[in-house]
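One structure is given here, and the rest of the page talks about it.
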Amino acid sequence: MKLGVILGGLLFIASYLVWAERKLLARLQVRYGPNRAGRFGLLQPIADVIKLLTKEDTVPEGSDRIVFLIAPALVATTALLIFAVVPFGKNLTLGGKTIPMVITDLNIGILYVFALSSLGVYGAVLGGWASNSKYSLIGAIRSAAQMISYELALVLSLVPVVMLAGSFSLVDIVNAQTPLPFILLQPVSFIIFLVSSMAETKRIPFDLPEAENELVAGYHTEYSGMRFGLFFLGEYISLIVLGSLVAAFFLGGWRGPFLPPLAWFLIKVFAVVFVMIWTRGTLPRLRYDQLMGIGWKVLIPVALVNIIITGAIVLLLR
């Protein structure tokens, strides 16, 4: 039941996150945004789903049909499965029964998150390779290089968090932030994780795998209909999941005064998502050498230095 509720909630939020992003970007660019389907354009996500479901699903000639059809599902599925270890509230007690507000509390939760996020790379790479298109292939190669590079910085940024919490479990990490959220203790790790997260979702200014003025649409150029919709859905679910991970690792998860725990969790998640959307509407796309340079020459060295300093402080305070 929890899995069904969370899955339905994620799909609903992801569909309306598209509407919210379009309205916010329109506001930043002095436009109206979607305003035709329903009041304030609130029926636009439903119209988009109907359009994608009824659009012709084409497969390019000369493509690897099986891989081409599987790749979009791989992107969306891995993004959904990451949420299985994200805690979104305190345990509930109903009828004398305790209901944990997490699908499963793995003691290797962080490793599970990184294992699935790494698998997400295969969806983009296989989709681009199987399309039998040069634009798609270039986008796939860019996607692989970018996601592997920033995955390293992402992992290294969480080593100090694990040191402070003493656990790989996301529930234990949230509980370890009882006195102070880790954003105050580890601001460098927070910045590295946030920047790397935006690069992982391949969003402006890190959207080189999809650069429309260079590659038409990058690795999903040849996709249409609901298969394109699955790539799109995977991107926005990843946005929600990464916002949830930032909230759990650095913002204290569900913790906060006055409001219910779930309300605090959602506020923190949407605050992070808002920052990512705001960044998209503000910054231009990076050149590819700048993109890779930030990952390898800035984020990874800074993350390594931060690990050494944090380790020394933890040893001294023991």
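Values reported hereafter were calculated over all heavy atoms of this structure, with side chains retained and with hydrogens, waters and symmetry mates removed.
By the ring pair (Phe, Tyr, Trp, His ring centres under 6.0 Å) test, F68 is found to be paired with Y223, residues two or more places apart in sequence or in another chain being considered. The ring pair (Phe, Tyr, Trp, His ring centres under 6.0 Å) check on F12 picks up Y16, with sequence neighbours excluded.
Rounding to the nearest 0.5 Å places CD1 of I50 at 9.0 Å from CG of L43. Here the straight-line distance linking atom CD of E21 with atom CG of L28 works out to 10.5 Å at 0.5 Å rounding. The CG atom of L194 sits 7.0 Å away from atom OG1 of T279, with the distance rounded to the nearest 0.5 Å. L126 CG to I66 CD1: the interatomic distance, rounded to the nearest 0.5 Å, is 12.5 Å. If you take CD1 on I300 and OG on S149, they are separated by 6.5 Å, rounding to the nearest 0.5 Å. Interatomic distance, R280 CZ to L239 CG, rounded to the nearest 0.5 Å: 10.0 Å.
Here the closest heavy-atom approach between residue V85 and residue G109 is recorded as CG2-O, 4.1 Å. Nearest heavy atoms, M276 versus S197: CE-CB, 3.9 Å. Contact between V67 and A130 at its shortest, heavy atoms only, is CG1-CB, 3.8 Å. Listed here is the closest heavy atom pair of A84 and V102: O-CG2, 3.8 Å. Minimum interatomic distance between L74 and G123 (heavy atoms only, all atoms of both residues): CD2-N, 3.6 Å. Contact between W254 and V174 at its shortest, heavy atoms only, is CZ3-CG1, 3.4 Å.
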Derivation and outcome, side-chain contact (heavy atoms from CB on, under 4.5 Å), residues L80 and V241: CA-CA 8 Å; L80 283 168; V241 169; over 6 Å; no
Criterion side-chain contact (heavy atoms from CB on, under 4.5 Å) on L170 and L106, from CA distance to verdict: CA-CA 8 Å; L170 274 71; L106 293 179; over 6 Å; no
Chi angles and distances behind the side-chain contact (heavy atoms from CB on, under 4.5 Å) call for F114, E151: CA-CA 8 Å; F114 287 128; E151 191 87 23; 3.5 Å; yes
Step-by-step side-chain contact (heavy atoms from CB on, under 4.5 Å) determination, I82 to S117: CA-CA 8 Å; I82 291 174; S117 64; 4.2 Å; yes
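Transitive grouping of hydrophobic side chains (ILVMFWY, heavy atoms separated by less than 4.5 Å) keeps V113 and I148 in distinct clusters. Transitive grouping of hydrophobic side chains (ILVMFWY, heavy atoms separated by less than 4.5 Å) brings L266 and F249 into a common cluster. L259 and F88 are not part of a single hydrophobic cluster, where members link through side-chain heavy atoms under 4.5 Å apart. Hydrophobic cluster membership is shared by L116 and L233, with clusters built from Ile, Leu, Val, Met, Phe, Trp and Tyr side chains linked at under 4.5 angstrom. Residue I46 is grouped with residue F40 when hydrophobic side chains (ILVMFWY) are merged at heavy-atom distances under 4.5 angstrom, including chains of intermediate members.
For S238 and E200, the side-chain atoms include no donor-acceptor pair closer than 3.5 Å. There is a side-chain donor-acceptor pair under 3.5 Å between N306 and S189. Side-chain contact check for D105 and S169: at least one donor-acceptor pair (N or O, by modelled atom type) lies under 3.5 Å.
Side chain of K23 to backbone of Y32: a donor-acceptor contact under 3.5 angstrom is found. Side chain of E222 to backbone of S133: no donor-acceptor contact under 3.5 angstrom is found. Judged by distance alone, with hydrogens and angles left aside, the side-chain atoms of S143 form no donor-acceptor pair with the main-chain N or O of G139 at under 3.5 Å. At least one donor-acceptor pair under 3.5 Å links the side chain of Q290 to the backbone N or O of R287. Using a distance-only test at 3.5 Å, with no hydrogens or angles considered, a donor-acceptor pair links the side chain of W19 to the main chain of G41. Using modelled atom types, one side-chain atom of Q177 and one backbone atom of F182 make a donor-acceptor pair closer than 3.5 Å. For the pair K268 (side chain) and L251 (backbone), a donor-acceptor distance under 3.5 Å is present.
By the 30° and 60° cut-offs, the orientation of the rings of F193 relative to F250 is tilted.
For L315, the CG atom sits in a packed shell: over 12 heavy atoms of surrounding residues, nucleotides or ligands are nearer than 6.0 Å. The local environment of OH in Y122 is sparse, with at most 12 non-hydrogen atoms from other residues, nucleotides or ligands closer than 6.0 Å. No more than 12 heavy atoms of other residues, nucleotides or ligands sit less than 6.0 Å from atom CZ of F168. Surrounding CZ of R31 are more than 12 heavy atoms belonging to other residues, nucleotides or ligands, all under 6.0 Å away.
A heavy-atom distance below 4.5 Å is found between the side chains of N175 and V171. Side-chain contact between S244 and F265 is present, with at least one heavy-atom pair separated by less than 4.5 Å. Looking at L230 and V75, their side chains never come closer than 4.5 Å, going by heavy atoms from C-beta outward. With a 4.5 Å cut-off on side-chain heavy atoms, V195 and F206 count as touching. Counting heavy atoms from C-beta outward, F274 and L24 have side chains that approach closer than 4.5 Å. Here the side chains of L17 and I277 are in contact, with some heavy-atom distance below 4.5 Å. Contact of the L299 side chain with the S196 side chain is registered, since non-hydrogen atoms from C-beta on lie closer than 4.5 Å. Contact check for I307 versus L156: side-chain heavy atoms found under the 4.5 Å cut-off.
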